[in-house]
Amino acid sequence: MRKQIAAANWKMNLTIAQGEALLDGIIAKPHHLKPEQLVVFAVPFPYLAMAQQKIAGKQNVFIAAQNCYSKKSGAYTGEVSVEMLQSLGIKWVVLGHSERREYFAESNQFLAEKINIALEFDIQPIFCCGEPLSIREAGTQNEFVTKQLEESLYHLSADQLKKVVIAYEPIWAIGTGKTATSEQAQEMHAHIRAELAKKYGKEVADEITILYGGSVKAANAKEIFGQPDVDGGLVGGASLIIDEFVAIIEGLK
Ligand code: 13P
């Protein structure tokens, strides 16, 4: 059975005191996670150690980095390596978020290198893909997302791919309050799964967790997560509010 995940992406928000209070507030609420359901908090680098301590001993709850560099170590001032993440006990990293692609020019090829090094150090990537508004309006979103998968993931073996979680985040729905309809999300998730099945076979494709991201909130999580090919969400704004994110976790099917 594939995993369902409620993942928080704090992006570049909160002071450490605010982050601690947010984690404390969410963790304190009762959660009814099934064995296949996970909660992941992608927090800013300086808060990783604090967050890792807060969730110590909690089952099915993990901390993720929001990025990492593609090289093992060396003279790369300001970058963070997967070995550093591993040394903190971090098991997850978000890669290829559209904000990194747009503001830091991260290409599909560069992301393939980051995926490789994350897997080499046993850190599971949450690989983001998704089209801008112009592509959606032109109706070529399926081809656009297929290319992202091909160029960043298709060099992986089936066993490696099974460690990757895919997050479909249509850029026009991020931080805009404009959510994709549950039909639009399902349509793209089914497309991604069909493409993975073409390359890796249906059995492998059926094991891959595919999250939806883009204006997920308490009010729409249950409906979106209820779609057959949607296995949870990657949540920005609403993950910064205790009650919102707790309700989103409860929305996992
Ligand atoms: P919002 O939930 O704020 O739209 O952000 C989505 C996102 O980018 C999560 O990675």
Side-chain angles (χ1 to χ4, degrees), residues 5 7-14 19 40-48 51 62-74 76-86 88 90-121 123-136 141 144-156 161 163-176 180 188 192 209-216 232-240:
I5 304 178
N9 178 6
W10 290 4
K11 307 192 180 182
M12 197 179 74
N13 290 299
L14 310 176
V40 177
F41 295 93
V43 309
F45 288 131
Y47 307 164
L48 285 170
F62 296 92
I63 302 303
Q66 297 175 10
N67 182 28
C68 68
Y69 196 50
S70 58
K71 306 278 188 216
K72 256 184 204 161
S73 63
Y76 303 102
T77 302
E79 290 300 319
V80 173
S81 73
V82 280
E83 194 173 26
M84 294 172 188
L85 300 179
Q86 190 191 49
L88 286 169
I90 301 297
K91 299 272 186 239
W92 293 85
V93 63
V94 176
L95 291 176
H97 194 281
S98 58
E99 288 147 17
R100 299 229 39 104
R101 292 174 185 265
E102 183 180 350
Y103 306 134
F104 303 96
E106 296 196 1
S107 66
N108 292 339
Q109 290 73 17
F110 184 45
L111 290 167
E113 290 176 35
K114 291 191 178 195
I115 294 270
N116 289 346
I117 198 148
L119 291 173
E120 190 184 325
F121 280 80
I123 294 184
Q124 288 191 252
I126 298 177
F127 173 75
C128 303
C129 57
E131 80 286 357
L133 184 61
S134 58
I135 295 287
R136 171 63 62 167
Q141 64 272 10
F144 186 90
V145 169
T146 299
K147 190 165 189 278
Q148 290 179 320
L149 301 177
E150 275 171 2
E151 295 185 354
S152 297
L153 299 181
Y154 277 19
H155 62 286
L156 299 176
L161 185 80
K163 301 204 174 99
V164 177
V165 164
I166 294 174
Y168 169 59
E169 300 206 310
I171 298 170
W172 46 272
I174 295 178
T176 57
M188 178 58 85
I192 292 171
T209 296
I210 309 177
L211 309 179
Y212 168 79
S215 299
V216 173
L234 180 57
V235 186
S239 77
L240 303 174

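This chain uses plain numbering: 1 for the first residue, then up along the sequence.
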Novice: Donor-acceptor pair, distance only, cut-off 3.5 Å: does the side chain of S70 make one with the backbone of E113?
Specialist: no
Novice: Do I126 and W92 pass the side-chain contact (heavy atoms from CB on, under 4.5 Å) test, and can you show the C-alpha distance, the side-chain angles, and the key distance before you say yes or no?
Specialist: CA-CA 7 Å; I126 298 177; W92 293 85; 3.7 Å; yes
Novice: Any donor and acceptor pair, going by atom type alone, linking the side chain of Q124 with main-chain N or O of L119 inside 3.5 Å?
Specialist: no
Novice: Is any side-chain heavy atom of V94 less than 4.5 Å from a side-chain heavy atom of C128?
Specialist: yes
Novice: Checking Q66 side chain against K11 main chain: does a donor-acceptor pair fall under 3.5 Å?
Specialist: yes
Novice: Which pair of heavy atoms, one from S215 and one from G175, lies closest together, and at what distance?
Specialist: OG-N, 4.0 Å
Novice: When rounded to the nearest 0.5 angstrom, what is the spacing between CD in Q148 and CZ in F127?
Specialist: 6.0 Å
Novice: Search all heavy atoms of A64 against all heavy atoms of V93 and return the closest pair with its distance.
Specialist: CB-N, 4.3 Å
Novice: Using side-chain heavy atoms (C-beta onward) and a distance below 4.5 Å, is L14 in contact with L240?
Specialist: yes
Novice: Determine whether a donor-acceptor pair (N or O, by modelled atom type, separation under 3.5 Å) exists between the side chain of R101 and the backbone of E106.
Specialist: no
Novice: Do you know which two heavy atoms are closest between G19 and W10, and how far apart they sit?
Specialist: O-CH2, 3.4 Å
Novice: Is the shortest side-chain heavy-atom distance between V40 and I63 below 4.5 Å?
Specialist: no
Novice: Please lay out, stage by stage, how M188 and V145 fare under the test side-chain contact (heavy atoms from CB on, under 4.5 Å).
Specialist: CA-CA 9 Å; M188 178 58 85; V145 169; 3.6 Å; yes
Novice: I'd like to know if K72 and E83 make a salt bridge, using a cut-off of under 4.0 Å between side-chain N and carboxylate O.
Specialist: no
Novice: side-chain contact (heavy atoms from CB on, under 4.5 Å), that's the test. Do L153 and I166 meet it? Break it down for me.
Specialist: CA-CA 10 Å; L153 299 181; I166 294 174; 4.0 Å; yes
Novice: Heavy atoms, side chains only, cut-off 4.5 Å: are V43 and L48 in contact?
Specialist: yes
Novice: Can you see which heavy atom on A180 is nearest to which on P170, and at what distance?
Specialist: CB-CG, 4.4 Å
Novice: Please determine, by modelled atom types, if H97 and N67 share a side-chain donor-acceptor pair under 3.5 angstrom.
Specialist: no
Novice: Distance from E99 atom CD to E169 atom CD, nearest 0.5 Å?
Specialist: 8.0 Å
Novice: To the nearest 0.5 Å, what is the distance between CG on N108 and CD1 on I115?
Specialist: 10.5 Å
Novice: Can you tell if the side chain of I5 reaches within under 4.5 Å of the side chain of F62, non-hydrogen atoms only?
Specialist: no
Novice: Do the side chains of H155 and N116 get nearer than 4.5 Å, heavy atoms only?
Specialist: yes
Novice: Would you mind checking if E131 and R136 are paired as a salt bridge, meaning a charged N to carboxylate O distance below 4.0 Å?
Specialist: yes
Novice: Sub-3.5 Å donor-acceptor pair from the side chain of S152 to the main-chain atoms of L149, do we have one?
Specialist: no
Novice: Do W172 and T176 have side chains that approach each other closer than 4.5 Å (heavy atoms only, starting at C-beta)?
Specialist: no
Novice: Considering all heavy atoms of both residues, which atom of C68 and which atom of L85 are nearest to each other, and what is their separation?
Specialist: CB-CD1, 4.0 Å
Novice: Partners of Y69 by ring pair (Phe, Tyr, Trp, His ring centres under 6.0 Å), sequence neighbours excluded?
Specialist: Y76
Novice: Which atoms form the tightest heavy-atom contact between F144 and G130, and what is the distance?
Specialist: CE2-O, 3.3 Å
Novice: Can a donor-acceptor pair be found, under 3.5 Å and without considering hydrogens, that links the side chain of Y154 to the backbone of L156?
Specialist: no
Novice: Does the pair Y168 and L234 meet the rule for a side-chain contact (heavy atoms from CB on, under 4.5 Å), with working shown?
Specialist: CA-CA 9 Å; Y168 169 59; L234 180 57; over 6 Å; no
